[in-house]
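What follows is a single structure, written as structure tokens, with notes after it.
FYI, side chains are in, hydrogens and waters are out, and symmetry mates aren't considered; it's all heavy atoms of this structure. Labels below follow one simple rule: chain letters A, B, ... track the order of the sequence lines, proteins then strands, and each chain is numbered from 1.
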Number of protein chains: 2
Amino acid sequence: MTRKALPQPERDEIRVESVLQALGEPVRLQIIRALADAPEGIACGEIELPVTASTRAHHLRILREAGVLSTHTEGTRRISTLRREDLETLYPGLLTGILTAPR
Amino acid sequence: MTRKALPQPERDEIRVESVLQALGEPVRLQIIRALADAPEGIACGEIELPVTASTRAHHLRILREAGVLSTHTEGTRRISTLRREDLETLYPGLLTGILTAPR
DNA sequence: ATCGTACTACGAAGATCATCGAACTTCGAT
DNA sequence: ATCGAAGTTCGATGATCTTCGTAGTACGAT
């Protein structure tokens, strides 16, 4: 089984604007919440979303390129995880603030 | 001198999506940072921004309607303040996370 | 080698958004 | 009562974004 990480920004390349813009979209926020409940990561397809597969891929790419999540391949599947540590270092409290919000 | 508050959402009407969407725009983020440095509030016109007055008004409206800031009139001027307490209660850490970010 | 699965890339369509100028309102000062 | 300053609203324009279907890639299993 092959294992490869997808390109993503280094910690010091992450910009607040991009992160906030990435998080400020309902579908993407849903993805983040799903990821927060699964520290070991989730395959994209396993997240229940009201959009097609291609739209889902689009959102995951935006989140990854913003530096919010990390993705690596495992066979044909792509496992995503929240970049908790990086985000907590850059913007302490931001993630918790969002996740503790009333849904 | 007349003093009147402009309409804004109650604390329990504030939605995370709207807040994040409001914050995820460079000009608006700039406004937030200016407001964070002025606890007593700022008049819109005093904030240095790379946009015209009407665009500025547009952004301030979005921030107010999202529940991020409060605005009241003071004569012909409009003073805005961050809704720190409400935001901290709803999303503890979010604001600090954003404000401590490297610019 | 072929097939199915998981996912991505591309191009198009429609929606939403930022931006502006012009016209208008409101208030304080002359 | 008139003027100027501060700020808003409106309508238009161009940019950006979400969404989708289709076509394609990569991989594991048969």
Side-chain angles (χ1 to χ4, degrees), chain A residues 1-8 15-32 34-35 38 40-66 68-81, chain B residues 1-8 15-32 34-35 38 40-66 68-81:
Chain A
M1 172 136 72
T2 52
R3 231 173 168 280
K4 199 176 70 179
L6 272 71
Q8 63 180 35
R15 295 170 310 144
V16 215
E17 290 89 350
S18 309
V19 172
L20 290 171
Q21 203 172 327
L23 297 173
E25 208 278 341
V27 176
R28 292 197 285 262
L29 202 50
Q30 218 172 318
I31 295 176
I32 295 307
L35 253 64
E40 73 290 348
I42 310 186
C44 316
E46 287 165 11
I47 308 173
E48 269 189 60
L49 294 174
V51 291
T52 64
S54 60
T55 303
R56 176 190 312 250
H58 166 71
H59 286 307
L60 283 164
R61 173 204 267 266
I62 287 187
L63 287 167
R64 177 168 51 83
E65 290 180 347
V68 178
L69 54 81
S70 229
T71 305
H72 68 265
T73 62
E74 267 182 27
T76 65
R77 305 170 67 207
R78 301 215 164 174
I79 311 293
S80 297
T81 50
Chain B
M1 169 138 72
T2 51
R3 232 176 167 278
K4 199 175 71 178
L6 272 72
Q8 65 180 34
R15 293 170 311 143
V16 215
E17 289 89 350
S18 309
V19 172
L20 290 171
Q21 202 171 325
L23 297 174
E25 207 278 339
V27 176
R28 293 198 285 261
L29 203 50
Q30 218 172 317
I31 296 177
I32 295 306
L35 256 64
E40 72 290 349
I42 311 187
C44 318
E46 288 164 11
I47 308 173
E48 269 189 61
L49 292 175
V51 292
T52 64
S54 60
T55 304
R56 177 189 311 252
H58 165 70
H59 285 308
L60 283 164
R61 174 202 267 267
I62 287 188
L63 287 167
R64 178 169 50 82
E65 290 181 346
V68 179
L69 54 82
S70 230
T71 304
H72 69 264
T73 64
E74 264 181 31
T76 65
R77 305 171 66 209
R78 301 212 163 175
I79 310 292
S80 296
T81 50

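- Within the 4.5 Å cutoff, the side chain of Thr55(A) has heavy atoms near those of the His59(A) side chain.
- Between Leu63(A) atom CG and dT18(D) atom C1' the separation is 14 Å, expressed in whole Å.
- Looking at Arg78(B), its side chain never comes within 3.5 Å of a backbone N or O of Cys44(B) through a donor-acceptor pair.
- Residue Arg77(B) places its side chain closer to dA6(D) than to any other of dC7(C), dA26(D), dA6(D).
- Put simply, the side chain of Thr71(B) never gets that close to the backbone of Ser80(B): no donor and acceptor are under 3.5 Å apart.
- For Arg3(A) and dG28(D), the CZ to P distance is 13 Å, given to the nearest whole Å.
- Distance, Glu46(A) CD to dT5(C) P: 15 Å, rounded to whole Å.
- Note: NE2 (His72(B)) to P (dA6(D)) measures 16 Å, nearest angstrom.
- For residues 42-52 of chain A, every residue pair satisfying the salt bridge (charged side-chain N to carboxylate O under 4.0 Å, His left out) rule, not counting sequence neighbours, is listed here: Glu46(A)-Arg77(A).
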### Task
May I have the step-by-step check of side chain to side chain contact (heavy atoms under 4.5 Å, CB included) for His72(A) and Lys4(A), ending in yes or no?
CA-CA 5 Å; His72(A) 68 265; Lys4(A) 199 176 70 179; over 6 Å; no
### Query
Base, backbone or nothing for each nucleotide of nucleotides 8-21 of chain C, written B, S, -, heavy atoms under 4.0 angstrom, 5' to 3'?
BB-------SSBBB
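- Rounding to whole angstrom units, CD of residue Glu74(A) and P of dA29(D) are separated by 13 Å.
- In this structure, Lys4(A) places its NZ atom 7 Å from P of dC27(D), rounding to the nearest Å.
- Listed by first then second residue, pairs satisfying salt bridge (charged side-chain N to carboxylate O under 4.0 Å, His left out) with a partner in residues 51-62 of chain B read Arg61(B)-Glu65(B), not counting sequence neighbours.
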